[in-house]
Amino acid sequence: MTSDEPEKTAEVAEVSFEDSVGGKGEFENASLSLEDVSDKQLGVQALANQIASRRADRLPVTYGVFVAFLKCCKRIAKERNYETLNKIKSTDMIKLREELTKEITKGRILPGPVRRFTEFFGFRDELRTANLLVDRAERRVEAMAEQHADFRLSFHEGWFYYRDFAFYHTVTEATLPWTRNELSVALTKTLLFFLGTPIFFCYISPDENICPAEQGWLNSLYFASKTMSTVGYGDVSVDRSTTWKVFVGTMYMIIALLVTLSSFGAVVQSGVSKYNGFWERRMVEFADLIGFKKTDDNTLHSRIQLVKFCKIGDITIKFVIVNLIGVFATRLFMLRENEDWSWSWMESFYWAVQTTTTIGYGDMTKNPDQRYFDIFYLILGTYFVGAALSNITELNQQLLDTRRFFAWDRLQSNSAMFRSMDINKDGTVDQYEFVLASLIMLDKIEPADVDPIIKKYRDLCGNDSTCITTTDLEAAVDSAGDNESISFEMDADGNLEKPVWDKAKDTLKRFRSSHRNSIED
């Protein structure tokens, strides 16, 4: 669309099954138009932000409250002899609150001080959570009653579809507070592995190699750290005198590998994201100081070089810091003069590198007291390897994204690209066509992502229809299907026009091939 053309004003109605308390086919914000949103935020952008905010506003409930809510609603529907068991009347809310209270408490109500004590440590008050859940349901019923009256939709008025509501308005969380976060779960697994190693090899299945008479627990913890880090110096190993002990050692290695993959993966992905961002920002600031600034006028080559500089610099800084920690720590242990473990500075650096890279040749004799430090340093080295591999993967993705964004950013000088965006061939590119084509060009969606959306659309309107009508939505109420949330545009007669996504599938491959050469350049 050119700047001198009149701005389109299209009413946008959202067929939102996400917020459905009235069943499959609620119209949320049915009268939303481009005139109602700010100049900086178009209708499609406002709709995306609206859906994101709804998801962020979901009520956290424990699994017990979630199951009890569904059970009580189903029981009420069964007692009332409703035609289907997936909905109840809005007038059943008082009954629902009573039933849910009975189901949650079951005659067990914690005293006030005990309840406050458990809440202090992060445990949910399930009775209070249940009441909040019913309050949220009542508000949704009231809001839907007003919206249906305004929009003249009465085919599911008065019904509360509790399964849809529970799925889209709640988020289930673990009962134990320390299992709600991936990082805390990872730390718990690691702690249990470390504590279980000396208990097993010192008491359950004694092994003199791992748990000697002197410093047995220290040696066992060192063995656990060495096994988890996959360094394998070879200075401590399981007793292979019997077949059973060899089997135990084999199973121990497999368990250690599983703990390492699950725990360190969670640490790299969730626990240190802010830390990684800190160093990347410092690298960007350093690049600015040396004249390597990021501007809109940068060529593709300079943008790629900046991405490489920041990411590789981030990895290099971490590598140097981790190894310097190992070098200076070993020099402290070298203060105790002993010819058997006297290392030079270069040998200390050599040992640190083979440890942080998890190679572990095992060709150097260490101070026995150094194992106190090694227990933590081996884990630190393993984290560094995991973080470095993750950063290298991110680097490859960032380079590809940089090339795609650069090609997309040059659209203003490429009329052929704009013509390919005109999916319905009406001579203009509206916001929906532009967003869809941009997502395809930036490789954010694939044909496999479009197929289920088109299938859902055709299930609602039928293959022979060009739009979704209220009659189609009424039929969808009584049909069993997955819940989706799709945005449509209304025509002058009040019908929902066929979305551009239907036509986009046929032009997807053509459009992707038309801009591939620009990305490669």
ask   = Can you tell me how far the CZ atom of F194 sits from the CH2 atom of W217, to the nearest 0.5 Å?
value = 12.5 Å

request  = Identify the heavy atoms of A388 and I315 that sit nearest to each other, and give their distance.
outcome  = O-CD1, 4.1 Å

task = Check whether any side-chain heavy atom of R180 sits under 4.5 Å from a side-chain heavy atom of P60, and report yes or no.
result = no

remark   = Correct closest heavy-atom pair for K311 and L395 would be CG-CB, 3.7 Å

request  = Apply side-chain contact (heavy atoms from CB on, under 4.5 Å) to the pair L176 and F123, showing each step before the final yes or no.
outcome  = CA-CA 7 Å; L176 301 178; F123 290 90; 3.9 Å; yes

query = So, are D135 and R139 salt-bridged, with charged N and O less than 4.0 Å apart?
reply = no

key: Shortest non-hydrogen separation from A224 to T197 and the atoms involved   = CB-OG1, 3.5 Å

task = Please test K95 against I88 for side-chain contact (heavy atoms from CB on, under 4.5 Å), starting from the C-alpha separation and ending with a verdict.
result = CA-CA 11 Å; K95 176 69 173 178; I88 62 177; over 6 Å; no

With F193 via ring-ring contact (aromatic ring centres under 6.0 Å, His included) - residues at least two apart = Y252

request  = State, to 0.1 Å, how close R163 and L85 come at their nearest heavy-atom pair, and which atoms those are.
outcome  = NH2-O, 4.2 Å

ask   = Which residues satisfy the side chain to side chain donor-acceptor pair (under 3.5 Å) test with R136, sequence neighbours excluded?
value = none

key: Trace of the side-chain contact (heavy atoms from CB on, under 4.5 Å) decision for R97 with N131   = CA-CA 7 Å; R97 190 183 296 274; N131 286 323; 3.4 Å; yes

key: L380 side, atom CG; S225 side, atom OG - distance, nearest 0.5 Å   = 10.0 Å

note = Closest non-hydrogen atoms of R80 and D92, given as atom of the first, atom of the second and distance, are NE-OD1, 3.3 Å

message = Within this structure, what is the CG-CG distance for the pair L378 and L221, rounded to the nearest 0.5 Å?
response = 12.0 Å

task = Output all residues satisfying ring-ring contact (aromatic ring centres under 6.0 Å, His included) with F405, sequence neighbours left out; order by chain, then residue number.
result = W408

task = Starting at OG1 of T172, measure out to CZ of R58 and round the result to the nearest 0.5 Å.
result = 9.0 Å

message = Determine whether a donor-acceptor pair (N or O, by modelled atom type, separation under 3.5 Å) exists between the side chain of T227 and the backbone of F223.
response = yes

message = Run the ring-ring contact (aromatic ring centres under 6.0 Å, His included) test against F376 and tell me which residues pass, sequence neighbours left out.
response = none

Side chain to side chain donor-acceptor pair (under 3.5 Å), paired with D401, selected from Q397, R403, Q398 = Q397

From CA spacing to verdict: side-chain contact (heavy atoms from CB on, under 4.5 Å), T129, I104 = CA-CA 10 Å; T129 303; I104 294 296; over 6 Å; no

message = Distance check, rounded to the nearest 0.5 Å: M93 atom CE versus E142 atom CD?
response = 9.5 Å

task = Mind telling me whether F69 and F165 have parallel, tilted or perpendicular rings, with 30° and 60° as the class edges?
result = tilted

task = Please list, chain by chain and in numerical order, all residues satisfying side chain to side chain contact (heavy atoms under 4.5 Å, CB included) with I94, sequence neighbours excluded.
result = E98

task = For the pair R54 (side chain) and N49 (backbone), establish whether a donor and an acceptor sit closer than 3.5 Å, ignoring hydrogens and angles.
result = no

remark   = CG of L191 to NZ of K189, rounded to nearest 0.5 Å, is 13.5 Å

CZ (R128) with more than 12 external heavy atoms under 6.0 Å = no

key: Donor-acceptor contact below 3.5 Å, side chain S229 vs main chain K226   = yes

request  = Name all residues meeting the side chain to side chain donor-acceptor pair (under 3.5 Å) criterion together with T62; count only those two or more places apart in sequence or in a different chain, and write none if there are none.
outcome  = E126

message = I need the minimum non-hydrogen distance between L96 and C72, along with the two atoms involved.
response = CD1-CB, 4.0 Å

task = Take the angle between the ring planes of Y162 and F160 and call it parallel below 30°, perpendicular above 60°, tilted in between.
result = tilted

Side-chain touch I445/L436, heavy atoms, less than 4.5 angstrom = yes

